[in-house]
There are 4 protein chains.
Amino acid sequence: MKRKIMETGILLFDKNGFKSTSVQDIVQELGVTKGTFYYYFSSKEELLKEIHLLYIESIIKQQEEIMNNPFYDFAKKLHEIILMQISTIRIELRSARIFTREMRHLSRDNFLEIKEKRSAFRHNVQKLIEEGITQGILQKGRADIITMAILGMTNWSYYWFSPEGEVPEEKVADIFLDLILNGISNDSVYTPNI
Amino acid sequence: MKRKIMETGILLFDKNGFKSTSVQDIVQELGVTKGTFYYYFSSKEELLKEIHLLYIESIIKQQEEIMNNPFYDFAKKLHEIILMQISTIRIELRSARIFTREMRHLSRDNFLEIKEKRSAFRHNVQKLIEEGITQGILQKGRADIITMAILGMTNWSYYWFSPEGEVPEEKVADIFLDLILNGISNDSVYTPNI
Amino acid sequence: MKRKIMETGILLFDKNGFKSTSVQDIVQELGVTKGTFYYYFSSKEELLKEIHLLYIESIIKQQEEIMNNPFYDFAKKLHEIILMQISTIRIELRSARIFTREMRHLSRDNFLEIKEKRSAFRHNVQKLIEEGITQGILQKGRADIITMAILGMTNWSYYWFSPEGEVPEEKVADIFLDLILNGISNDSVYTPNI
Amino acid sequence: MKRKIMETGILLFDKNGFKSTSVQDIVQELGVTKGTFYYYFSSKEELLKEIHLLYIESIIKQQEEIMNNPFYDFAKKLHEIILMQISTIRIELRSARIFTREMRHLSRDNFLEIKEKRSAFRHNVQKLIEEGITQGILQKGRADIITMAILGMTNWSYYWFSPEGEVPEEKVADIFLDLILNGISNDSVYTPNI
DNA sequence: TATGAATGAGCCTTCATTCAT
DNA sequence: TATGAATGAAGGCTCATTCAT
């Protein structure tokens, strides 16, 4: 039952937003009563928090498996991390969207707890970029801003990518990775602001 | 007064979200009463709609000025469009965030009206990419997905870029443009998935 | 309207208790809606607080007028204060009962504010007793416990005295005063615990 | 277990009131579940009723032992009854307070049952006063109102007397009895309202 | 142009109680 | 004897909106 409530919560929070989804909406969908909801969750916010935790802990775990894989070189790691995020869409699209949109509705304590894990995820990506620079594979540059550019691409994909569309997720990951590493210009002569 | 209501609405919708901001919150901030609000706006949603329109029409207008500037070549246009979006942060950060987060709270008709303009903006970027390809400046590829990657970078910047930070917006735009055109790898030999 | 809400609140809080009286009960009695209630009071507790304040400030004011009356001697003052409390029944019986029964439902801050005024009332009575002792009118003794005995008599009367009964309030006040000053035994020879 | 539930009920009903104490509060305090509660009591009200009965039957029994003691004269009886009530504080303070405050939450039938016993207690006191008058020990007067004055003193003591304070209960009983019999004025010449 | 009073629907949450196990 | 899951009614409170002035 708890799992069913979470699934329905994810569905409705994504569709209508946390604030616009009432506990009534959730239990009605499940054919149970409000009392049941509060038997499993102490508040609507707790449900939101558990949804956040489930998601962030899942992708942090995947990320760490990639980072710690001794058979992966730098490029493979970057590719896998980007692919992982895009692939996540297929099974956790809704959670991912809730994650980026509804975090502000967590209370201060829960907010900070989630924010910390979110930062950890970002730092791991940034660390990877910095390693690439150290190894001479990447150009020197602002690793922090590059990181944000990459996360921007992947996070934004939750709002347009459709697993049912004509382009499969692997293809999107390839395009992203190629863009990030090589750019899209035909030669390398262009220098901005000249 | 109408302008002041809009400004306060932007402030609060951004800070707390559309659903979590009550008409009471807005008028209280201004020291007027609810009656006043409803004299200028027929509903809370209408305020949201006007905020959306003000923003999207402003950036569409800027975009078109760039696109139609006969003195700009392709690269300059791309640079200017990216810079324009980042620069917007300084004066319209809040509107931009509301734009990406609260659109779902518009009623069907208003939603469609805004969505159309939003698509127009995206299509203009995509058209620019396609021109670049046609002109041989860019490599052949999925212009649509490249467009989403670019929009992802810029839209995401609303959630981390701070005009008060150490990196100025022009620098961010340069980094983004360089990433998009040339990538970040040290050479061009890398080919993913081989 | 605010006054009407207070009157109804006094009626129902006395009859059924603060906790057992819902805001719905109050507004239903008045034929208005809950919104109206919350237009005048920020919470149910605030109504309770205002009821407390109205009562305690009223009797403190009366008490001070008696205490400061230069034409009253000690005995007259004591008589008037006891009579005042009994007389209050006729118009503020319900408030008086709420006062002694529902105070615990005030939040900490409101509780302390009311408690302070309540103590002031008690201290004034005790001060009067101490004056009587100093002036040689009363026997020496524990003024504090005597005070509690007197307050017990008068406060308890709220639970049995009926203004419609055969004994008028002045008569009750006389009996109380006589009991306090002279006791009920036929002579003064009795000494307890011998 | 039943006894433990009653003890906890007494504790919490006194501390927070009947209405503000949930069955959940009680079983939580005991580390058991709601099912257990309903195994021993058919409803929350039944617990309240048993608490009332336990208390009132206990003090009625004590009262009757005093009244029927052939070695006690009138004054001794009055003294013992007052002392008994004050002494009760030490072991049954909470029950006594619940008794005077929560009776209204009993259903009609239970209410009447308890009320009858309560009246019996009061009538016994009044009968004692009347006997004193008949025997010429007390002045003629309204025995009913005198009774209420005495009960007021003793009942009120539940709200201020502390067994840990500097004045022991025997001393309080002595002061009360002396006040009732002899009054507190230094002579007997005072006549009110002249 | 602006106010202030009122509405009514809906929201989150609590809680006494039931019942199969 | 005791548990754990579930119910359903009610409670306090919020809020977008209306309307006479």
Side-chain angles (χ1 to χ4, degrees), chain A residues 1-2 4-5 18-28 30-48 105, chain B residues 1-2 4-5 18-28 30-48 105, chain C residues 1-2 4-5 18-28 30-48 105, chain D residues 1-2 4-5 18-28 30-48 105:
Chain A
M1 174 54 62
K2 184 165 181 173
K4 275 160 73 180
I5 291 175
F18 175 73
K19 270 296 204 175
S20 297
T21 301
S22 70
V23 172
Q24 183 60 32
D25 293 339
I26 295 170
V27 298
Q28 200 163 297
L30 289 168
V32 294
T33 59
K34 278 195 252 186
T36 304
F37 179 93
Y38 282 94
Y39 181 77
Y40 291 101
F41 296 92
S42 68
S43 68
K44 198 173 91 162
E45 200 213 309
E46 196 186 288
L47 170 57
L48 182 63
H105 293 117
Chain B
M1 175 54 61
K2 182 163 183 175
K4 274 160 74 181
I5 291 175
F18 175 73
K19 272 298 226 177
S20 297
T21 302
S22 69
V23 173
Q24 183 60 30
D25 292 337
I26 295 169
V27 298
Q28 198 165 300
L30 288 169
V32 296
T33 57
K34 283 196 233 180
T36 305
F37 180 93
Y38 282 93
Y39 181 77
Y40 291 104
F41 296 92
S42 68
S43 68
K44 198 173 94 164
E45 199 214 312
E46 196 185 287
L47 170 57
L48 182 63
H105 292 118
Chain C
M1 175 54 61
K2 184 166 182 174
K4 276 160 73 180
I5 291 175
F18 175 73
K19 270 296 205 177
S20 298
T21 302
S22 70
V23 173
Q24 182 61 30
D25 292 338
I26 295 170
V27 298
Q28 202 163 295
L30 288 168
V32 295
T33 58
K34 276 195 256 186
T36 303
F37 179 93
Y38 283 94
Y39 181 77
Y40 291 101
F41 296 91
S42 68
S43 67
K44 198 173 89 162
E45 198 213 311
E46 196 186 288
L47 170 56
L48 182 63
H105 293 116
Chain D
M1 174 54 61
K2 183 165 183 174
K4 276 161 73 181
I5 292 175
F18 175 72
K19 273 297 228 177
S20 297
T21 301
S22 68
V23 173
Q24 181 62 31
D25 293 337
I26 295 170
V27 297
Q28 199 164 298
L30 288 168
V32 296
T33 58
K34 283 196 235 180
T36 305
F37 179 93
Y38 282 94
Y39 180 78
Y40 291 103
F41 296 92
S42 69
S43 69
K44 199 173 92 163
E45 199 214 312
E46 196 186 289
L47 169 57
L48 182 63
H105 292 118

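Computation of the quantities below employed the complete heavy-atom set of this structure, encompassing side-chain atoms and omitting hydrogens, waters and symmetry-equivalent molecules. Labels below follow one simple rule: chain letters A, B, ... track the order of the sequence lines, proteins then strands, and each chain is numbered from 1.
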Rounded distance in Å - [atom1] ([X]) to [atom2] ([N]):
X	N	atom1	atom2	answer
Glu45(D)	dC15(E)	CD	P	18 Å
Lys4(D)	dA2(F)	NZ	P	9 Å
Glu46(D)	dA16(E)	CD	P	15 Å
Ile5(D)	dT1(F)	CD1	C1'	11 Å
Tyr39(D)	dC19(E)	OH	P	17 Å
Leu48(D)	dA16(E)	CG	P	13 Å
Lys2(A)	dG4(F)	NZ	P	15 Å
Phe41(B)	dC15(F)	CZ	P	20 Å

Contacts of Ser43(D) and Thr36(B) projected onto DNA chain E by closest heavy atom; the upstream (5') one is Thr36(B)
So which one's nearest nucleotide on DNA chain E is more toward 5', Phe37(C) or Ser22(A)? Phe37(C)
With a 3.5 Å limit on both atom pairs, tell me what dC15(E) is paired to, counting Watson-Crick and G-U wobble, or say none. dG8(F)
Under 3.5 Å on both distances, the Watson-Crick or G-U partner of dA20(F):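 dA20(F) is paired, partner dT3(E).
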Any N or O donor-acceptor pair linking the side chain of Lys34(C) to the base of dT7(E) at under 3.5 Å? no
Return the minimal non-hydrogen interatomic distance between [X] and [Y], and the atom names on each side.
X	Y	result
Val27(A)	Thr33(A)	CG1-O, 3.6 Å
Ser42(C)	Glu46(C)	OG-OE1, 2.6 Å
His105(C)	Lys19(C)	NE2-CG, 3.5 Å
Tyr40(D)	Ile5(D)	CD1-CD1, 3.9 Å
Lys44(D)	Phe18(D)	NZ-O, 2.9 Å

5′-ward residue of the pair Lys19(B)/Thr33(A) relative to DNA chain F: Thr33(A)
Comparing Gln24(C) and Val32(D) on DNA chain F - which has the more 5′ nearest nucleotide: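 Closest to the 5' end, via its nearest nucleotide, is Val32(D).
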N/O (side chain, Tyr38(A)) to phosphate O (OP1/OP2, dT13(E)) under 4.0 Å: yes
From C-beta outward on Tyr40(B), which listed nucleotide comes closest to its side chain: dC13(F), dT14(E), dT1(E)?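 For the Tyr40(B) side chain, the nearest candidate turns out to be dT1(E).
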What contact category does Thr21(D) fall into here, base, sugar-phosphate, or nothing, at under 4.0 angstrom with non-hydrogen atoms? sugar-phosphate
